[in-house]
There are 2 protein chains.
Amino acid sequence: MKSISAILDTHGLRDTQSRRLVLKVLMQSKKPLSQKDIHACLAKEDRVVNLVTVYRILEKFRDVGLIHHSAGGVVFCSLEQADGHHVLLSCEECGVIEEYCDEELCKHEDRIAKRAGFFPTSHVSELIGRCASCHF
Amino acid sequence: MKSISAILDTHGLRDTQSRRLVLKVLMQSKKPLSQKDIHACLAKEDRVVNLVTVYRILEKFRDVGLIHHSAGGVVFCSLEQADGHHVLLSCEECGVIEEYCDEELCKHEDRIAKRAGFFPTSHVSELIGRCASCHF
DNA sequence: AAGTAAATGCAAAAGTTTTGCATTCGTATG
DNA sequence: CATACGAATGCAAAACTTTTGCATTTACTT
Ligand SMILES: [Mn+2]
Ligand SMILES: [Mn+2]
Ligand SMILES: [Zn+2]
Ligand SMILES: [Zn+2]
């Protein structure tokens with residue numbers, strides 16, 4: 001497995017402490033995180049990275065294709081991994097968001113894109129509803 | 001086709017002028033709209049509905065299942081229609097967002113939900129990339 | 001027509017994201 | 001290794017978005 005620094009290097013990014021910290025959090029997270037999430041997560045372990053800097057780092061990561069941001073803005077983001085498709089299961093009750101990968105769905109979406117003359121660089125799906133534990 | 005007022009009634013909502021205006025805009029739009037979009041759209045035709053009110057109306061519409069809001073917050077929304085699946089094609093270059101319906105994708109996502117023990121009430125997919133006219 | 005609860009607008013508060021600028025840090029070069 | 005330069009960072013403030021409180025108006029019931 002590639003080191004954090006090597007990943008930054010591969011993507012043509014300077015190897016700074018803040019970037020290593022943010023990238024590490026993203027890589028270890030099992031679910032998408034917002035800028036605030038990342039900031040809070042680091043603060044909790046006394047590794048402070050200014051929130052403004054987190055915004056700027058994520059923008060950079062996105063520019064080079066290291067992460068993707070989701071629908072209607074830039075709130076959620078997660079590492080692209082192995083072309084797996086990103087499906088978010090978002091519970092309206094408790095707020096938990098889980099991430100799923102599904103290769104087949106991915107292919108289906110690519111067909112839709114082709115049909116529409118659209119050229120996707122990434123994609124995200126979200127199911128909104130109730131998670132197992134909140135389903136009364 | 002049902003009248004605007006009848007739709008409100010069906011969903012147990014009071015039939016107010018502001019709600020009729022907002023609902024009409026949503027129904028006539030071919031793409032998802034933000035609260036600000038709706039407000040601006042109405043303002044342009046001199047039918048002012050306070051932006052705060054637009055927020056509150058959309059929240060109500062959502063409560064009763066008239067619309068759904070998308071990923072990572074509440075920015076985009078569009079009318080649920082005939083169980084068609086909502087696929088957004090979002091151009092990173094020019095910002096245009098188009099909406100697509102795809103029944104098969106919808107079913108596939110339902111299977112994923114079942115597998116994960118998740119109970120979806122709505123869902124949205126987004127393809128991020130370049131639209132036909134921005135593809136250099 | 002009157003009464004009541006719900007919806008609206010306005011002003012302000014709270015929260016989020018972006019910007020400007022001075023300082024620090026990373027990398028290339030000699 | 002020292003230096004020089006551009007890139008990245010932190011802080012403060014501006015800009016923008018969303019929520020809240022409250023007085024007034026509106027829609028529906030009786
Ligand atoms: Mn995919
Ligand atoms: Mn669907
Ligand atoms: Zn839940
Ligand atoms: Zn475009």
Side-chain angles (χ1 to χ4, degrees), chain A residues 3-26 32-43 46-64 66-77 92 95 97, chain B residues 3-26 32-43 46-64 66-77 92 95 97:
Chain A
S3 78
I4 301 275
S5 291
I7 294 175
L8 290 170
D9 190 58
T10 299
H11 287 80
L13 296 172
R14 285 195 170 191
D15 181 24
T16 72
Q17 171 156 59
S18 297
R19 286 176 177 170
R20 283 191 298 271
L21 289 169
V22 169
L23 184 49
K24 191 169 165 201
V25 166
L26 283 172
L33 300 171
S34 68
Q35 291 90 338
K36 206 176 118 198
D37 290 339
I38 293 169
H39 179 256
C41 179
L42 288 169
D46 273 318
R47 315 257 43 164
V48 177
V49 176
N50 189 288
L51 180 58
V52 173
T53 302
V54 175
Y55 272 95
R56 295 198 267 226
I57 287 176
L58 258 42
E59 192 184 2
K60 219 61 163 117
F61 282 7
R62 184 184 188 222
D63 286 348
V64 300
L66 236 184
I67 61 167
H68 63 147
H69 295 196
S70 96
V74 287
V75 179
F76 292 103
C77 54
E92 289 187 305
I97 299 180
Chain B
S3 79
I4 301 276
S5 291
I7 294 175
L8 290 171
D9 190 58
T10 299
H11 288 80
L13 297 172
R14 287 195 169 193
D15 181 24
T16 72
Q17 170 156 61
S18 297
R19 285 175 178 172
R20 285 191 296 273
L21 289 169
V22 169
L23 183 49
K24 192 170 164 201
V25 167
L26 283 172
L33 300 170
S34 67
Q35 291 91 338
K36 206 176 118 198
D37 290 339
I38 294 169
H39 179 255
C41 179
L42 288 169
D46 273 320
R47 314 256 44 165
V48 177
V49 175
N50 189 288
L51 180 58
V52 172
T53 303
V54 175
Y55 273 95
R56 295 199 268 225
I57 288 176
L58 259 42
E59 193 184 2
K60 218 69 166 109
F61 282 7
R62 184 184 188 221
D63 286 347
V64 301
L66 235 185
I67 61 169
H68 63 146
H69 294 196
S70 96
V74 288
V75 178
F76 292 102
C77 54
E92 289 187 304
I97 298 180

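Keep in mind that this is a model prediction, so the values were computed, not measured. In what follows, chains carry the letters A, B, and so on, assigned in the order in which the sequence lines appear, proteins first and then strands, with residues in each chain numbered from 1.
Rounded to the nearest 0.5 angstrom, B:L58 CG and B:L23 CG are separated by 10.0 Å.
As rounded to whole Å, 11 Å separates atom P of D:dA8 from atom CG of A:D63. Nucleotide D:dA8 holds its C1' atom 15 Å from the CG atom of A:L58, rounded to whole Å. Rounded to whole angstrom, the span from the CG atom of A:L23 across to the P atom of D:dA8 amounts to 15 Å. Between B:Y55 atom OH and D:dG21 atom C1' there is a gap of 18 Å when expressed in whole angstrom units. Atom CD of A:Q35 is separated from atom C1' of C:dG15 by 14 Å (rounded to the nearest Å). Atom P of nucleotide C:dT19 and atom CG of A:L51 are separated by 15 Å, given to the nearest angstrom. Atom NE2 in B:H39 sits about 14 Å away from atom C1' in D:dT18, given to the nearest Å. Rounded to an integer number of Å, the gap from CD1 of A:I4 to C1' of C:dG26 is 18 Å.
When each of C:dC10, D:dG10, D:dT18 is scored by its nearest atom to the side-chain atoms of B:N50, the top-ranked nucleotide is C:dC10. If you check C:dT16, D:dT9, C:dT8 against the side chain of B:S18, the one that comes closest is C:dT8. For A:I57, the side-chain atoms get nearest to D:dT9 when compared with the rest of D:dA12, C:dT8, D:dT9. Among the nucleotides D:dT18, C:dA11, C:dT18, the one closest to any side-chain atom of B:V52 is C:dA11.
With contacts defined as side-chain heavy-atom distances shorter than 4.5 Å, the pair A:F61/A:L8 qualifies. Put simply, the side chain of A:L42 reaches to within 4.5 Å of the side chain of A:V22, judged on heavy atoms. When side chains are defined from C-beta on, A:Q17 counts as touching A:R47, because their heavy atoms get closer than 4.5 Å.
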Nucleotide-resolved protein contact map, nucleotides 22-30 of chain D, B/S/- at heavy-atom distance under 4.0 Å: -----BS--
Working for side chain to side chain contact (heavy atoms under 4.5 Å, CB included), residues B:I7 and B:L13: CA-CA 9 Å; B:I7 294 175; B:L13 297 172; over 6 Å; no
